[in-house]
Amino acid sequence: MLRDITLGQYYQTDSLIHRLDPRTKISGTFFFIVTIFMAKNVLGYAIAAAFLVMCIKLSKVPFKYMVRGMKAILLLLLITVVFNLLMTPGEVMWSFWKINITKEGLENAVKMALRLTFLILGSGIMTLTTTPNSLTDGLEKLLGPLKKIRVPVHEIAMMMSIALRFIPILIEETDKIMKAQMARGADFDSGNIFKRAKALIPLLVPLIISAFRRAGDLAMAMEARCYRGDVGRTRMKPLHYEKRDYIAYLVMILTLVMCIVFGRKIWW
Amino acid sequence: MSIIFNHVCHSYDTDTQLKTDALKDVSFKIDDGEFVGLIGHTGSGKSTLVQHMNGLMLPTSGEVYFDGKDISDKEYSLKELRSNVGLVFQYPEHQLFEATVFEDVCFGPKNLGLEKKEVELRAFQALKLVGMKEELFYQSPFDMSGGQKRRVAIAGVLAMKPRVLVLDEPTAGLDPKGRDEILELIKKLHDEEKITIVLVSHSMDDVANYAQRILVMNKGELIFDDTPKNVFKHVNELEQMGLAIPQVTYVMHALSEAGYDVSTDISTLPEAVTEILRIKNR
Amino acid sequence: MSLIKSEKLTFEYIRRDEEGNVEGITRAVDEVDLDIQQGQFIAILGHNGSGKSTLAKHINAILYPTEGSVWVDGMNTREEKKVWDIRQTAGMVFQNPDNQIIGQVVEEDVGFGPENLGVPTNEIWSRVEESLKTVGMWEYRKHSPNKLSGGQKQRVSIAGVIAMHPKCIVLDEPTAMLDPSGRYEVIRAARALNDVEKMTVILITHYMEEVIFADRVLVMDSGKVVMQGTPREVFSQVEKLKELRLDVPQVTLLAYELKKKGLNIPDGILTTKELVNAINNCR
């Protein structure tokens, strides 16, 4: 069922990672991505892996739950591996028919697979331990300096959080309209692509009308509650760094530095 | 024509721990020409129940029969079922999408694969039936009042010439005037067009005045299936389910408690007037 | 001094056809005079299109009169500088429970208003707690609004308004989309606000049973106030209400019919208890 889709795969529990400031987690993810790409040898990957395992352990999110989120990108991972394996020129290890597998190809494939897995798991930790709402809060605060060059950071963050609030409602509504049209004999599942696209009109028109109506209502309700952008606005849940955030930053920088120092090619 | 529910169960998320039973062992039969009221609190399973009537949902166990045929059968044509059992959802005006009223009403019969002439004839008849004036046929449905839009949406289902019409909260959000008009329309469809009606509502007063038989749902179970009179005898049980009985029934109960010898199974105003006058003029 | 006052409040809008040509002018509110005192519970009745919602939106400065004026706590709604003060003084709850909740968590939504007013963080928390407790939704503070029932969502919206510490709350058909138990929850919350917190409540509705507790009832039809008085005064005019195509509570209607049949029953019966007593007395 459509309504079973949950957005932002937040995993509710209480852990050190959950309690970190969202800004720390966003920066942390960024640092980690840089770290992965700095690693050029086994030691470098080991350092990144150690950091990742530590984070997973600290987050108290079951590893199984985390891997479940990866299934969707398995195909992408497979394609990357196969491409790297077959397309890299170099010293041939095995060869049959027209296919050559080179030493460099194998190395690249393993590296890419590791990088991608780390990347997905790393950013997964962020989305699993941070509510979509505090993510937008964190982004707004982090990107705050951009306001000076007239980037509407607050407005973008507000739009993101409103979208997150209304997506489940609109999904449910889609389900409802679809059923209502099916009760009038509409068929959404058969015919060629053009027929199917045309069949979507009775679904999309009411949905768009409804979205506009909701937007109008919401705008009025927000104005009635004195919303006027971020002028003179205070925060119910202001973000501020705690000791644990500073420690986290320290650990992240250390990991990065270690990866740059020990992970270089010459140490191979 | 009959609709039979035979020990129907429906559960969501059967494979996970979130398993919820929306319908639990529901059995009943609706015959040709009946006017049935279906009552239940939000989340009682009544919406799930009506979606089984036209095959938008299929039972996870048990069977639903229409005209003696099991609708879960692989060969069974759900499209045909949907043309026989018209389902009008809550706030049906939210499904309108065409540029004119007339085109929108054509959508249903067109999906049945009928000829253009027949499609237009049916749309015309359906719009006449709901009392829509001809000069409004070629207007945009979006410029109309709430009550008018709802009529158009109901016409959209009627144009499929269903033998059974299921209406989910057809009066929700309308003012008293709009509500009375829609209820009178439904009554007309039943009395004159001989369409079997299933009226889903949480307003006891509406149901008491129109239905010949009431089904009461609570937590996925069918609790009562009886005449309005007999159902409204269960004041306490109904209140516990969050359902209020008609106000006049309350008055009769209060009078009975005050020591009057009145019958308490009265649910409509004229009956109550007669009954009170009876005891007073004795 | 009256809290809300209007003089010859008129609101017109221009109807246009699809090409944007002017088709005509509609007078949605027609010379309405209001005078509402602090602490009153006022109900405004009328069928759809009678102008009652348009009138309500003037109290919150969402709409401005075409002619005439509205004063909220002495502030003229036309004064642009005062608009935020007016909106804080007169809060508003709307019909559709889904389309007025902004937060993804109940407590964050209730905090939205105070945040906009620039209330310091600590005070926001205490206001959120107090408001949620007033409407009986405190235990749901960590819930997602999507998982609540309609009645609960409307109570959250009411909490969101009272957290702004208004003097008056306007409820614009808050129960139109709810089931009976949701309606009961919301009306109970609104009555408690008036009884306990002494807040001025203006309830717009077309359900008659909801207004029998009001101090004063206004009935609107085509933009005009056509009847007003105490619930008893208004509901004793059954014929006139029927003419306006409005419902009369079933009990009132039953009493009226019995009276017509010759029983000696007073006008304007509002509750079952009153009716039973009246029947007792005419023995």
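The sequence lines fix the lettering, A, B, ..., with proteins before strands; numbering per chain opens at 1.
- Between A:V151 and A:L143 there is no side-chain heavy-atom pair separated by less than 4.5 Å.
- Chain A is approached within less than 4.5 Å, heavy atom to heavy atom, by C:K57, C:N60, C:I62 from residues 39-63 of chain C, ordered by number.
- Relative ring orientation between C:Y13 and C:F11 is described as tilted, the plane-to-plane angle lying within the 30° to 60° band.
- For the set A:A221, A:G216, A:A215, the entry with the most heavy-atom pairs within less than 4.5 Å of chain C is A:A221.
- Side chains of A:T24 and A:Y241: no donor on one and acceptor on the other come within 3.5 Å.
- By number of non-hydrogen pairs under 4.5 angstrom with chain A, the leading residue of C:N146, C:L117, C:V105 is C:N146.
- You'll find the side chain of C:T10 stays beyond 4.5 Å of the side chain of C:P65, heavy atoms only.
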**Asked** Given A:D21 and A:K141, is the salt bridge (charged side-chain N to carboxylate O under 4.0 Å, His left out) satisfied, shown in steps?
**Response** CA-CA 11 Å; A:D21 189 288; A:K141 199 81 188 264; over 6 Å; no
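- Ion pairing between C:E108 and A:R165 fails under the 4.0 Å rule for side-chain N and carboxylate O.
- Note: A:I169 leads A:V231, A:I169, A:I162 in heavy-atom pairs under 4.5 Å with chain C.
- In this structure, A:R225 fails the cation-pi test against C:F112, since its NZ or CZ atom is not both closer than 6.0 Å to the six-membered ring centre and inside 45 degrees of the ring normal.
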**Request:** Please test A:R19 against A:D14 for side chain to side chain contact (heavy atoms under 4.5 Å, CB included), starting from the C-alpha separation and ending with a verdict.
**Result:** CA-CA 7 Å; A:R19 267 174 279 145; A:D14 189 33; 3.4 Å; yes
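- Side chain to side chain, A:S210 and A:E173 meet the donor-acceptor criterion of an N or O pair below 3.5 Å.
- A side-chain N or O of A:K25 and one of A:T130 form a donor-acceptor pair less than 3.5 Å apart.
- Using a 4.5 Å cut-off between heavy atoms, C:I86 makes no contact with chain A at all.
- The interface of residues 159-172 of chain C with chain A, defined by heavy-atom distances below 4.5 Å, comprises C:G160, C:M164.
- Proximity to chain A (any heavy atom under 4.5 Å) is shown, for C:D85, by neither the backbone nor the side chain.
- Here the side chains of C:N116 and C:R87 are not in contact, with every heavy-atom distance at 4.5 Å or above.
- When side chains are defined from C-beta on, A:L52 counts as touching A:I125, because their heavy atoms get closer than 4.5 Å.
- The part of C:V128 that comes within reach of chain A is its side chain, from C-beta onward, which places non-hydrogen atoms under 4.5 angstrom from that chain.
- For C:Q95, no part lies under 4.5 angstrom from a heavy atom of chain A.
- For chain A, the nearby parts of C:D98 are the backbone and the side chain; heavy atoms of each come within less than 4.5 Å.
- Between the side chains of C:T175 and C:E210, at least one donor-acceptor pair of N or O atoms lies under 3.5 Å.
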